[in-house]
Every structure is written in structure tokens, then in C-alpha cells.
Amino acid sequence: MPSSSAESKITLAKTVLSRVGSVAATVMLVHTIIHNYIPKELHAYLFFGLKNMFTKFSNQLTMVIDEFDGLVNNKIYEAATTYLADKLSPQIHRLKISKTEKEKNFNIAMERNEESVNFDYPTSFETITMESDQKVMILKDLERFMRRKEYYRKVGKAWKRGYLLFGPPGTGKSSLIAAIANYLNFDIYDLELTAVTRNSDLRKLLVATTNKSILVIEDIDCTINLKANLINRAIYVRSNDFHQSESTITLSGLLNFIDELRSSYGNERIIIFTTNHIEKLDPALLRPGRMDVHIHMAYCTSCGFKLLAANYLGIKDHKFFKEIEELIDIANVTPAEQLLKEHEVGDSLKGLINFLHKKMKEKEEDKVTKVEITQMKSVDEKKESNGNGI
Ligand SMILES: Nc1ncnc2c1ncn2[C@@H]1O[C@H](COP(=O)(O)OP(=O)(O)OP(=O)(O)O)[C@@H](O)[C@H]1O
């Protein structure tokens, strides 16, 4: 026979289940009434009211202080981080704050739930492999730019410089940006344009950046639809409407952004665009005054390989060098990553030789496929023209 305490537990469980059932039925009924009898336009207000009613019973209040207000820095966030800087470690991203009626102070509890990101990027001009003439040219240009504050003021131009880095993937464009930042001791602002939806937000972004900064827009050809934007640009210029609401960043918005950057005086700023396809860019973007210096990052040459081997492996010569140098000039590759795959110098170089042979084979196969496609096309065209001729 069940004991009386077991019986009371079963009764309690039944009561709880029946209450849950009736609450669920009520919720369903309310939901159906709202959807069937109340105009759609009033739904949002009604749900807002219900939500407010229920949150009155909650014992939690979530206060969110965002780092940015839109794209501009939020001063409250800055004040909060300054205040908390000496109280918290950088790994802490969530705080629980409480104060009971009897206590005088606020209690702050910490939650560790996010990884910190290491922004220490050790690339320098010493570790970048590129033609030495090109490296010297870039360094001279940067130094001249830094020296010329007075000159820019005198000629009435803003103290800015635009660089375009172009070349195949993996040829060191991002590494060169890091090297420039390290050399000048500038901050890098990586502008993720796909996250910016309006031209006006670009302007806010510009205001939010500090001096001594490098604004980077990577893969510019992929970021904005240049064809669509050419059309947008025409509309923009014709209507001369600076307040039109675009849903995406347009080429005209981007050009205005660069021009505004170039006309704001005082602070030294560098803007760098990168692309794997320079031929896709609008000439308006490339002209001097917008992009002053165009830097071609090419595939590694035998000379570049020697520099890379000296930097990465600490060697100036090796029995495998001859074979590598012969292959590398025709293989069109970027071998930096390959050299770091193995611990032993010999293994690294052997790995690179295998990689170069593989690339050469792929190139040959690619060539054969292309020839076959061209032959098939010409046969088809012949057939078509014969057919038409009948
Ligand atoms: N010229 C180079 N000198 C030194 N390291 C290089 C060079 N080119 C590539 N690397 C190395 O190869 C890797 C890829 O380079 P990086 O990301 O800079 O290329 P990228 O041109 O920006 O590529 P993507 O166009 O795909 O963004 C990095 O680890 C980098 O250190």
C-alpha cells in the first residue's frame, strides 16, 4: 500500500500538471483570439504590453552598454571601461551587478565566457619578401609622407595617403599592411564594408577613427557590387541628392568617403585598399588623389624565395635551392606557408619541392583542359556555321 506521503506527492504532481495544462490551454486560446480577432497592426503593441506585464515579475534586469552607437563610439561605454579597467582583467566580458536593500555597496560578480583575441601581429618589413626596389620605394614613400605635415598644410591638402595593394591571393597584402602599421606605429581599422548598409554610416565610421590610423578595406572588388554601383553613381550624380536612402554602400558613397577623408585636416591617415582583381575596379577609384600609390604583390620569385628561406629557416644556401629556384619562377606560387609546415630545414625544402611539382602538374592539366574546351568550341562553331549555310 502506498504511504500517505507518497499519496500526497502524487496529488501534488497531478495538481501541478493540471495547472500547467490549463495555463497552456489559456495561452493557446489567447494566441488564437489575438490572431483571429485583433487587427495585425495591433499585435506588436499587445505583445509589448504582455511582455512588460511579465517582466514585472522577473528578478533580472539586463542593462546593455554597446561599444558603438551605430558606428560612432558610445561615450557611456568608454566611461564604463575606464572606470572598470583597474578593477577587471581583460578576459572578463560579463558582469553581474546586485545591491540588496540592507547593503551599502554594489556587488559585482564576474563571468568568464569569451576568449580574448591576440592582436599582436609581429610582421615587419624585414619579414616581408618582395623585390628590394619595391620595398625601398614603399619605405621612402612612407617616410616622406610622415615628414610632410607642413608641406600638406602649405599646399592646402589634407595629410593623407592612399595605397592600393593588388595581386593574387596569399602574396602578402595583409602582411604588408601589418608591416606598415608596425613601421609607423599606427593603428589599423579594418573596415568591414559588408556590415555597413548605408552610405551615411560610412561617414560616421570616418568620424569614429582616430589619427595615426590606417583604414583598410580588403577585397574591395568583392565588397561592393561595382556594376550596380556604376548605375547608382549615375543616379546619384544626376539627382545630386545627398540624402537619398540607399540600402547598400554604393561606389559613389565610397568615393565620397575617400574624398571626405582627404579633406579633413590635421590628422595623419593612410587608407589602403586590397584586391585580387585590379581589372574589376572602377577607374574613378584608382586615380591619383584617391589611391596615390599602386603596389603589385606578385608571386614569389627565386630572389624572393632566398629572402623567405633566410627569414623563415635561417639559411642562405642548401643543396635543394637549385631545384627550387628553377621551379619557383614558373610555378606561380606563394611558398611562405609551405616552409613553415615542417620543423627540419631539409623536410621543409623537400615539402616545398613536392608542392612545386604538384602545382606544375595542376598547371599542365589546366592547360590541357583549356585547349580541349577551345577545340570543342571551334568544332561547335564550325558545325553551327555549316548548319546555317545549308
Ligand atoms: N611576400 C611575403 N612575405 C612574407 N610572407 C608572406 C608573403 N606572402 C605571403 N606570406 C605569408 O603567407 C600567408 C598569407 O599572406 P597574406 O594573408 O598576407 O596574403 P594576402 O595577399 O593578404 O592574401 P589574400 O588576398 O588571400 O587576403 C601569411 O602567413 C604570410 O606571412
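Note that the numbering runs from 1 along the sequence shown for the chain. Numbering of ligands and ligand atoms starts at 1, following listing order.
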Checklist line | No-hydrogen, no-angle side-chain donor-acceptor test under 3.5 Å, E131 and H296 | finding: no
Check: Does E337 come within less than 4.0 Å of ligand 1, judged by its heavy atoms?
Finding: yes
Check: What atoms in ligand 1 come closer than 4.0 Å to a heavy atom of T129?
Finding: 1 (N), 2 (C), 3 (N), 4 (C)
Check: For atom 17 (O) of ligand 1, which of S174, A298, A178 has the closest heavy atom?
Finding: S174
Margin query: Test of understanding: with salt bridge (Lys or Arg N to Asp or Glu O under 4.0 Å), list the residues that count as partners of E344, not counting sequence neighbours.
Written below: none
Item checked: ligand 1-proximal atoms of Y312, by part, heavy-atom distance under 4.0 Å -> side chain
Check: Would E326 and K322 satisfy salt bridge (Lys or Arg N to Asp or Glu O under 4.0 Å), going step by step from the backbone distance to the final call?
Finding: CA-CA 6 Å; E326 277 169 12; K322 194 168 175 288; 3.2 Å; yes
Next item on the list: Taking all non-hydrogen atoms of both residues into account, name the closest pair between I177 and I214 and its distance.
Entry: O-CD1, 4.4 Å
Next item on the list: Using distance alone, determine whether G172 and ligand 1 share an N or O pair under 3.5 Å.
Entry: yes
Notebook entry, point to check: At a non-hydrogen distance cut-off of under 4.0 Å, which region of A336 contacts ligand 1 (side chain, backbone, both, or neither)?
Noted result: side chain
Notebook entry, point to check: Are any of the N/O atoms in E218 less than 3.5 Å from those in ligand 1?
Noted result: no
Check: Hey, which of D141, L165, L164, T274 is the one that makes side chain to side chain contact (heavy atoms under 4.5 Å, CB included) with I295?
Finding: L165
Notebook entry, point to check: Is the shortest distance from a heavy atom of T334 to ligand 1 less than 4.0 Å?
Noted result: no
Checklist line | Element-labelled atoms of ligand 1 that are located less than 4.0 Å from some non-hydrogen atom of S175 | finding: 15 (O), 16 (P), 18 (O), 30 (C), 31 (O)
Margin query: Regarding atom 4 (C) of ligand 1: of the candidates T275, T123, T127, which has the closest heavy atom?
Written below: T127
Notebook entry, point to check: Strictly by modelled atom types, are T127 and N311 linked by a side-chain donor-acceptor pair under 3.5 Å?
Noted result: no
Item checked: Residue list, ring pair (Phe, Tyr, Trp, His ring centres under 6.0 Å) with F273, at least two apart or on another chain -> none
